[in-house]
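The shown structure was predicted, so the numbers you read here are calculated from the model rather than taken from an experiment.
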Amino acid sequence: MVNSLPQKRSSRLRLYGPPVLLVLAGLALSGFWMFAKTQAETSMDRWMAQEAASGRVWTCPDRSIGGYPFRIEISCTGPTLKAAGNVPFKASVGRILAVAQIYQPDLAIVEFSGPLQQKNADGTTLDVTWESLRASVHIGADQTPDRVSVEMKKVQLAGDAAASGT
């Protein structure tokens with residue numbers, strides 16, 4: 001005998017639900033990362049403007065932001081600093097790389113690639129080389145660093161300013 005009762009169709013929600021949820025989660029993560037990237041870029045621009053107002057002009061000719069999906073990486077190749085004040089100078093380093101986890105944006109690990117080259121207004125120079133230079137910076141509630149840790153290995157000083165003790 002043939003069963004004449006209609007069979008209940010299986011819901012397609014079970015078939016399409018998990019992939020749709022996965023795509024939505026990916027879109028949410030991507031949107032959050034783009035928001036965090038924009039915030040990091042805005043914060044860096046604001047900090048550079050504050051520094052310029054204090055007489056320290058930072059430039060970053062080759063800046064990039066990456067690290068998707070779980071961190072924010074800001075890379076600056078060839079950054080320079082011009083400082084006015086009691087001892088005006090111009091300094092540059094090879095590269096600065098700052099990394100923060102997306103879930104802990106107030107803690108950044110910063111790595112500097114050398115050499116650091118400084119030229120003072122009086123014409124004296126200072127060249128600093130190192131094997132590694134890293135810093136850990138924790139930003140407090142008032143948006144200023146409240147904890148900084150620096151590690152340098154195999155530091156060498158050269159130039160007029162190093163010889164004169166300036």
Side-chain angles (χ1 to χ4, degrees), residues 26 28-166:
L29 177 63
S30 295
F32 180 72
W33 188 88
M34 288 302 292
F35 172 76
K37 175 188 176 207
T38 302
Q39 290 295 103
E41 201 163 24
T42 301
S43 294
M44 186 173 177
D45 290 340
R46 189 176 334 128
W47 175 79
M48 288 173 76
Q50 288 172 346
E51 286 287 292
S54 298
R56 296 176 297 271
V57 179
W58 291 85
T59 58
C60 180
D62 185 15
R63 178 169 74 176
S64 65
I65 299 181
Y68 178 82
F70 297 116
R71 58 192 204 174
I72 299 290
E73 295 179 2
I74 301 175
S75 175
C76 181
T77 304
T80 61
L81 166 63
K82 282 186 182 179
N86 295 342
V87 184
F89 67 89
K90 181 178 180 180
S92 65
V93 295
R95 179 175 178 237
I96 299 174
L97 174 65
V99 178
Q101 300 299 326
I102 196 116
Y103 55 85
Q104 193 177 17
D106 57 349
L107 176 63
I109 305 300
V110 185
E111 186 173 291
F112 300 87
S113 300
L116 176 128
Q117 297 175 321
Q118 177 180 324
K119 185 169 185 178
N120 299 324
D122 63 2
T124 58
T125 61
L126 175 66
D127 294 321
V128 183
T129 58
W130 55 83
E131 182 179 284
S132 71
L133 171 55
R134 294 184 191 109
S136 170
V137 181
H138 184 267
I139 305 297
D142 62 350
Q143 298 299 310
T144 59
D146 66 354
R147 204 171 44 224
V148 177
S149 173
V150 178
E151 173 193 52
M152 290 181 85
K153 290 183 182 175
K154 297 187 181 178
V155 180
Q156 294 181 329
L157 304 174
D160 310 284
S164 69
T166 303

remark   = When rounded to the nearest 0.5 Å, the distance separating NZ of K37 from OG1 of T42 is 11.0 Å
message = With a 3.5 Å distance limit and no angle check, can you tell me whether D122 reaches the backbone of T124 through a side-chain donor-acceptor pair?
response = yes
message = Check whether W58 reaches the backbone of K82 with its side chain - one donor and one acceptor, N or O, closer than 3.5 Å.
response = no
message = Do V137 and P145 have side chains that approach each other closer than 4.5 Å (heavy atoms only, starting at C-beta)?
response = yes
query = Nearest 0.5 Å, what's the OG1-NZ distance between T59 and K90?
reply = 7.0 Å
ask   = What's the spacing between L107 CG and R147 CZ if we round to 0.5 Å?
value = 7.0 Å
query = Rounded to the nearest 0.5 Å, what separation is found between the CD atom of Q156 and the CD atom of E131?
reply = 10.5 Å
inquiry  = Would the distance check show the side chain of D160 and the main-chain N or O of T125 forming a donor-acceptor pair, the cut-off being under 3.5 Å?
reply    = yes
query = Between the side chain of T144 and the main-chain N/O of G140, is any donor-acceptor distance below 3.5 Å?
reply = no
note = Given the options E41, M48, R46, M44 meets side chain to side chain contact (heavy atoms under 4.5 Å, CB included) only with M48
task = Compare every heavy atom of G94 with every heavy atom of P79, then report the nearest pair and how far apart it is.
result = CD-O, 4.0 Å
query = How many angstroms lie between atom CH2 of W130 and atom NZ of K153, to the nearest 0.5 angstrom?
reply = 15.0 Å
request  = Find out whether P69 and I102 are in side-chain contact, i.e. whether some heavy atom of one side chain is under 4.5 Å from a heavy atom of the other.
outcome  = no
ask   = Should V150 and L133 count as side-chain neighbours, where that means a heavy-atom distance under 4.5 Å?
value = yes
query = Closest heavy-atom contact between Y68 and G26?
reply = OH-O, 4.3 Å
key: OG on S75 to CD on E111, rounded to 0.5 Å   = 10.0 Å
ask   = Minimum heavy-atom separation for G78 to P61, with atom names?
value = O-CD, 3.3 Å
request  = Compare all side-chain heavy atoms of L81 with those of R56 and state whether any distance is below 4.5 angstrom.
outcome  = yes
task = Taking all heavy atoms of V93 and all of L116, pick out the closest pair and write down the distance.
result = CG1-CD1, 3.6 Å
